[in-house]
Amino acid sequence: MDPDDENQTPGNRAKYKAQLIEDILQEDDLYKVLGATRDSTPAELRRHYLDRSKICHPDRLPHHESSTAAFQRLAFAFEILKSPSSRRTYDRASRSGSGAFRRGSAQSLNGDQTFRGAVEAVLYEFMTGDFAIVKGWMQTLNRQYPNIFSEEAIVGIERSWLKVRDLILSTRSYALLVSIELGRIYRVQKKLRSLRYFDVVGRLSMTLQLVRVTLAVPMRVDRALRLREEQKRRAKEAGWNVSDKDDSDDDSKPVDGGVPGGDQRRGGILNERVFKVLEFIVGESAVDPEADAAWLASTSRAA
């Protein structure tokens, strides 16, 4: 069915879009997310991506509540498969089915865990590439404002990224969240690379934006973890899962691996000092209601 066919009724177009969005959000194989085959050429992958993203775009009528989630999923699949190195990593992981990752059951290796591994591959490429720009800015801030941006803060931020990686490997819902965040970073990278070399002001502005969006990632993951912890707490208080043993476990085993009774923020990956530093630098870059809605829609379907 061609959704652009003028002979199609609005009702048929809405059904087609809804079914396509459902298929994209339920699929773990990134090739199938794009509607492509494993032997597709880069040009074919791009064509499949453009065809589906044109239908699923949030601004495209008819409106659908999960359009943003499906569009983000398409973009993530294309970003992985258009890169030769991350595509090779994804292909090896999904074909071998063993030894490619450190965690997870054999039952999920070809689907859920392959997706997590793909997110990890993209994260690794970023951490060994453009993250150097972010580290350089952090070191500059440390030299200029040592009382605000201390060495301890830099170490805390770098450790938070390692915790983000661990979350990707262990939990599918956070792999979805990080994939959306990496999409935000990619869009800034793309704009930065499109600027001319002598556009000093433009490059400086986009570099600062890259730093802010990158440092927003641990903040947004931290907030998602704390939100999940708060939901569990409220559920227990409502009597849905009352257990004295569970209560004692929650108090003695912080999710972030911090010290019980310390200054670690309950359920998060950042302590209060590092969070305040990031909040000061990142500002409004940590706020993205559209990305939040996409993640919530994806996790509700995955639950």
Quick one: pull up [atom1] in [X] and [atom2] in [Y] and give me the separation to the nearest 0.5 Å.
X      : Y      : atom1 : atom2 : result
Asp222 : Ile269 : CG    : CD1   : 5.5 Å
Leu81  : Arg88  : CG    : CZ    : 12.5 Å
Ser150 : Tyr145 : OG    : OH    : 15.5 Å
Leu34  : Leu74  : CG    : CG    : 6.0 Å
Arg196 : Arg203 : CZ    : CZ    : 12.5 Å
Lys135 : Thr140 : NZ    : OG1   : 13.0 Å

_Trace of the side chain to side chain contact (heavy atoms under 4.5 Å, CB included) decision for Thr214 with Trp161_ = CA-CA 10 Å; Thr214 300; Trp161 277 93; 3.5 Å; yes
Mind listing the closest non-hydrogen atom pair of [X] and [Y] along with its distance?
X      : Y      : value
Leu270 : Val274 : CD2-CG1, 3.9 Å
Ser67  : Lys17  : OG-CE, 3.4 Å
Ser53  : Phe71  : CB-CE1, 3.6 Å
Asp39  : Arg87  : C-NH2, 4.4 Å
Ser194 : Lys191 : OG-O, 2.7 Å
Val33  : Ala77  : CG1-CB, 3.9 Å

> Using 4.0 Å as the upper bound for N to carboxylate O, is an ion pair formed by Asp23 and Lys32?
Replying inline: no
Test: Arg233 and Glu229 ion pair at under 4.0 Å: no
Identify whether [X] and [Y] are in the same connected component of the hydrophobic contact network (ILVMFWY, side-chain heavy atoms under 4.5 Å).
X      : Y      : answer
Val282 : Leu141 : yes
Leu204 : Ile185 : yes
Tyr186 : Leu182 : no

*If you draw a 6.0 Å radius around CD in Gln144, do more than 12 non-hydrogen atoms from other residues or ligands fall strictly inside?*
yes
Are more than 12 heavy atoms, taken from residues, nucleotides or ligands other than Lys82, located less than 6.0 Å from that residue's NZ atom?
yes
**Asked** Does Glu22 reach the main-chain N or O of Gln19 with its side chain, forming a donor-acceptor pair under 3.5 Å?
**Response** no
| said: Using modelled atom types and a 3.5 Å cut-off, is there a donor and acceptor pairing between side-chain atoms of His64 and backbone atoms of Ala18? | reply: no
Is the shortest side-chain heavy-atom distance between [X] and [Y] below 4.5 Å?
X      : Y      : value
Arg223 : Arg226 : yes
Arg52  : Arg73  : no
Phe78  : Leu30  : no
Lys163 : Val221 : no
Leu167 : Val178 : no

Tell me whether the guanidinium CZ or amine NZ of Arg212 lies under 6.0 angstrom from the six-membered ring centre of Phe280 and within 45° of its axis. no
Could you walk me through whether Lys54 and Leu50 pass the side chain to side chain contact (heavy atoms under 4.5 Å, CB included) check?
-> CA-CA 6 Å; Lys54 179 175 64 175; Leu50 292 176; over 6 Å; no
* To do: Begin from the C-alpha positions of Arg184 and Glu181 and carry the test salt bridge (Lys or Arg N to Asp or Glu O under 4.0 Å) through to its verdict.
  => CA-CA 5 Å; Arg184 297 174 75 220; Glu181 296 304 307; 3.0 Å; yes
Go through the steps to decide whether Met138 and Leu215 satisfy the test side chain to side chain contact (heavy atoms under 4.5 Å, CB included), and finish with yes or no.
CA-CA 10 Å; Met138 289 195 297; Leu215 295 181; 4.1 Å; yes
For this session: Run the numbers on Ser205 and Leu208 for side chain to side chain contact (heavy atoms under 4.5 Å, CB included), then give the verdict.
Result: CA-CA 5 Å; Ser205 176; Leu208 285 172; 5.9 Å; no
